[in-house]
Peer 1: 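What follows is a structure written as structure tokens; I'll ask about it next.
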Amino acid sequence: MLDLNFIRENKKQVQKALDKRFIDDISLAKFSELDQKRRDLLYKNEQLRHKRNITSDKIGELKREGKDASSLIKEMQQVADQIDQYDQKLKEVEEQLEHIVHRIPNVPHEDVPVGEDESDNRLQREWGSPREFDFDFKPHWELGTELDILDFDRGSKVAGSRLTFLKKAGARLERSLFNFMLDLHIKEHGYDEVFPPFLANEESMFGTGQLPKFREDMFKLENTDYYLIPTAEVPVTNMHREEIMSAADLPLKYAAYSACFRAEAGAHGRDTRGIIRQHQFNKVELVNFVDPEKSYDVLEQLTKEAEKVLRLLELPYRVVTLCTGDLTFSAAKTYDLEVWMPAYDTYREVSSCSNFEDFQARRAGIKYRSEPGADSQFVHTLNGSGLAVGRTLAAILENYQNEDGSITVPEVLQPYMDQEIID
RNA sequence: GGAGGGAUGUCCGAAUUGGCUAAGGAGCCGGACUUGAAAUCCGGUGAAGCCGAAAGGUGUGGGGGUUCGAGUCCCCCUCCCUCCGCCA
């Protein structure tokens with residue numbers, strides 16, 4: 001969410017940001033109109049309240065002295081009615097205003113390339129090179145099914161489409177992967193480990209920006225106020241919702257494993273085979289709360305920390321800067337990490353590292369004081385996948401497959417797997 | 001699921017049958033005393049936060065209601081505590 005004052009004073013810049021994101025259903029003219037209306041109503045309302053406060057004191061005084069206050073009370077009855085009317089008008093105007101403000105996305109950082117879709121993303125760097133196969137390689141879903149470590153049919157039977165059983169070495173590999181990732185970030189990158197709730201409430205979903213705009217992308221539990229989290233970003237960022245921390249607390253770095261749940265409402269027919277796009281998947285998420293001055297340095301660092309996972313797994317990948325059209329609602333700048341997937345003959349996203357600047361912090365009320373007694377200000381929040389486990393597993397199956405259909409276990413995972421080959 | 005109790009500043013904790021400015025203490029800041037410190041004493045500060053250029057408004061877990069006026073009365077909700085039941 002953007003600051004009201006910021007929008008007022010930088011309408012051109014905000015309009016430009018909307019244009020760059022190709023958003024044309026938000027009217028800043030309407031915003032200004034409502035904003036002015038609200039301020040007028042507020043002023044009139046507050047004057048009446050002031051009058052009421054003063055007169056009520058006077059009534060109390062008269063009553064204590066045993067004098068008659070009935071004419072003042074009668075007068076105030078009318079004032080109270082007027083205040084009620086203003087309150088109602090104000091509420092209506094504020095709701096309309098919120099409807100606009102809550103749907104204005106973050107302003108992209110100036111470094112973000114302008115473009116409509118992923119084809120306009122900017123390549124930052126590549127690491128490793130795609131493996132040359134001298135045999136007919138297979139997609140991960142065939143490898144997994146033949147090795148009996150992925151079971152799509154039974155996943156569909158028991159739950160539904162996009163829900164899959166991992167079995168035996170497959171289940172073990174999944175567990176090894178997120179343990180390896182957590183160990184790396186906690187031991188090498190200075191993160192505190194967090195195991196969050198997988199359910200979150202409406203306020204939390206609003207805080208990180210999933211609501212109100214993306215309601216249909218999430219699963220909500222029937223007859224409750226709980227949502228299944230689409231990422232650990234939600235519970236972990238909201239851990240500090242409505243809190244004011246001291247500068248000494250920063251930076252806060254949390255690494256959290258969680259299952260993630262996504263309705264994939266707009267993805268019918270996309271990636272229907274394999275485990276690339278599931279309703280439930282595992283992910284290790286890195287969340288940083290930092291001093292605003294440092295957030296872009298931290299974004300670089302965070303991205304490197306996520307990349308480290310791929311380097312240690314020796315999977316070829318590339319880093320791209322998302323263009324304005326591909327950037328998510330709350331982010332000001334995002335790097336995607338994409339791993340090479342032979343069966344797709346392209347790179348697929350396994351991590352998204354974003355700086356949200358103060359956008360989430362404002363929605364969620366996450367502040368800090370630079371020194372005791374100083375005015376509080378919003379922190380900057382960042383997060384990045386470190387990494388999406390299911391997609392990484394798929395990448396390992398495809399990249400580490402052997403001609404006989406067996407899988408060589410990446411070296412760093414062998415201590416976790418207690419085996420060198422899956423066959 | 002059932003019964004009861006609770007939520008007021010940074011912390012502890014008051015506030016009569018609704019009415020003046022939401023006590024008091026701890027803390028924090030300044031000073032006195034002291035070689036220095038502690039202790040003590042004096043003074044100050046303190047109700048976050050939010051809106052507002054300011055005046056002012058709002059603000060006693062959250063939301064609503066009654067009232068000229070609500071920490072106080074009524075309704076709903078959340079969280080915490082105790083006990084019973086159930087459960088991994």
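First the proteins, then the strands, lettered A, B, ... as listed; each starts at 1.
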Peer 1: Roughly how far apart, to the nearest Å, are C77(B) and G2(B) at atom P?
Peer 2: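 Rounded to whole Å, the distance is 11 Å.
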Peer 1: So, is the end of the Arg348(A) side chain (NZ or CZ) under 6.0 Å from the ring centre of Tyr344(A) and within 45° of the ring's axis?
Peer 2: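 So Arg348(A) does make the cation-pi contact.
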Peer 1: Expressed as a whole number of Å, how far does the C1' atom of A47(B) sit from that of U60(B)?
Peer 2: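 Here A47(B) and U60(B) have their C1' atoms 8 Å from each other.
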Peer 1: Need one value for Arg362(A): base, sugar-phosphate or nothing, where a base atom within 4.0 Å counts as base even if backbone is also close, heavy atoms only.
Peer 2: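 Arg362(A): no heavy atom of the nucleic acid under 4.0 Å.
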Peer 1: So His240(A) and Tyr254(A), would you call those rings parallel, tilted or perpendicular, with 30° and 60° as cut-offs?
Peer 2: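 Rings of His240(A) and Tyr254(A): parallel, under 30°.
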Peer 1: In whole Å, what separates the P atom of C29(B) from that of G46(B)?
Peer 2: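 Their P atoms lie roughly 15 Å apart.
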Peer 1: With a strict under 4.0 Å distance from non-hydrogen atoms of chain A, what nucleotide opens and what nucleotide closes the contacted stretch of RNA chain B, reading 5' to 3'?
Peer 2: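 Span of nucleotides near chain A: G19(B) to G69(B).
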Peer 1: Indicate, with a heavy-atom threshold strictly under 4.0 Å, whether Leu72(A) touches base, sugar-phosphate, or nothing.
Peer 2: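 Nothing: the residue Leu72(A), judged by heavy atoms under 4.0 Å, touches no strand.
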Peer 1: What contact category does Asn45(A) fall into here, base, sugar-phosphate, or nothing, at under 4.0 angstrom with non-hydrogen atoms?
Peer 2: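 The residue Asn45(A) makes no contact with any strand.
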Peer 1: When all nucleic acid strands are considered with a 4.0 Å heavy-atom cut-off, which category describes Glu61(A): base, sugar-phosphate, or nothing?
Peer 2: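 Answer is nothing: Glu61(A) stays at 4.0 Å or more from every strand.
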Peer 1: So what's G43(B) paired with, Watson-Crick or G-U wobble, going by both distances under 3.5 Å?
Peer 2: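 Answer to the pairing question: C29(B), which forms a Watson-Crick or G-U pair with G43(B).
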Peer 1: Quantified in whole Å, what is the P atom distance between nucleotide G31(B) and nucleotide G9(B)?
Peer 2: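 The answer is 31 Å between these two P atoms.
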Peer 1: Which sits closer to the 5' end of RNA chain B, Lys74(A) or Asn53(A), going by the nucleotide each is nearest to?
Peer 2: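 Nearest-nucleotide comparison on RNA chain B picks Asn53(A).
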Peer 1: A cation-pi test, strictly: NZ or CZ of Arg363(A) under 6.0 Å from the centre of the six-membered ring of Phe206(A) and no more than 45 degrees from its axis. Yes or no?
Peer 2: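 The answer is yes, since Arg363(A) meets both limits relative to Phe206(A).
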Peer 1: Report the base-pairing partner of A7(B) (Watson-Crick or G-U wobble, both distances below 3.5 angstrom), or none.
Peer 2: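 Because both required distances fall under 3.5 Å, A7(B) counts as paired with U78(B).
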Peer 1: What interatomic distance, in whole Å, is found between P of A22(B) and the corresponding atom of U58(B)?
Peer 2: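 After rounding to an integer number of Å, I get 12 Å for this pair.
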Peer 1: Please check if any side-chain donor atom of Gln82(A) sits under 3.5 Å from a side-chain acceptor atom of Gln78(A), or the reverse.
Peer 2: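 No, because no side-chain N or O of Gln82(A) sits under 3.5 Å from a partner of the opposite role on Gln78(A).
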Peer 1: Using the C1' atoms only, state how far G61(B) lies from C79(B), rounded to an integer number of Å.
Peer 2: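 Roughly 8 Å separates the two C1' atoms.
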Peer 1: Both distances under 3.5 Å, Watson-Crick or G-U wobble: report the partner of U67(B), or none.
Peer 2: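 Its partner is none (no Watson-Crick or G-U wobble pair with both distances under 3.5 Å).
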Peer 1: Using the closest heavy atom to pick a nucleotide of RNA chain B for each, name whichever of Ile244(A) or Arg49(A) lands nearer the 5' end.
Peer 2: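 Result of the comparison: Ile244(A).
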Peer 1: How about Glu285(A) and Ser258(A): do any of their side-chain heavy atoms sit closer than 4.5 Å?
Peer 2: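 When only atoms from C-beta onward are counted, Ser258(A) and Glu285(A) do not touch, as no gap falls below 4.5 Å.
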Peer 1: Given the C1' atoms of U72(B) and U8(B), what is the spacing between them in whole Å?
Peer 2: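 Comparing C1' positions in U72(B) and U8(B) gives a spacing of 12 Å.
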Peer 1: Can you check the distance between C73(B) and U66(B), where both ends of the measurement are the C1' atom (answer in whole Å)?
Peer 2: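 Per the computed distance, 8 Å lies between those C1' atoms.
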Peer 1: Let me have the donor-acceptor pairs involving side chains of residues 379-386 of chain A, under 3.5 Å, with sequence neighbours excluded, atom names and distances please.
Peer 2:
residue, atom, partner, partner atom, Å
His380(A), ND1, Ser295(A), OG, 2.8
Thr381(A), OG1, Gln360(A), OE1, 2.8
Asn383(A), ND2, Glu233(A), OE2, 3.4
Ser385(A), OG, Ser352(A), N, 3.1

Peer 1: Side chain to side chain donor-acceptor pair (under 3.5 Å): which pairs involve residues 164-176 of chain A, sequence neighbours left out?
Peer 2: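 For residues 164-176 of chain A: Asp148(A)-Lys167(A), Asp148(A)-Lys168(A), Asp151(A)-Lys167(A), Thr164(A)-Gln278(A), Arg172(A)-Asp418(A), Glu174(A)-Asn282(A).
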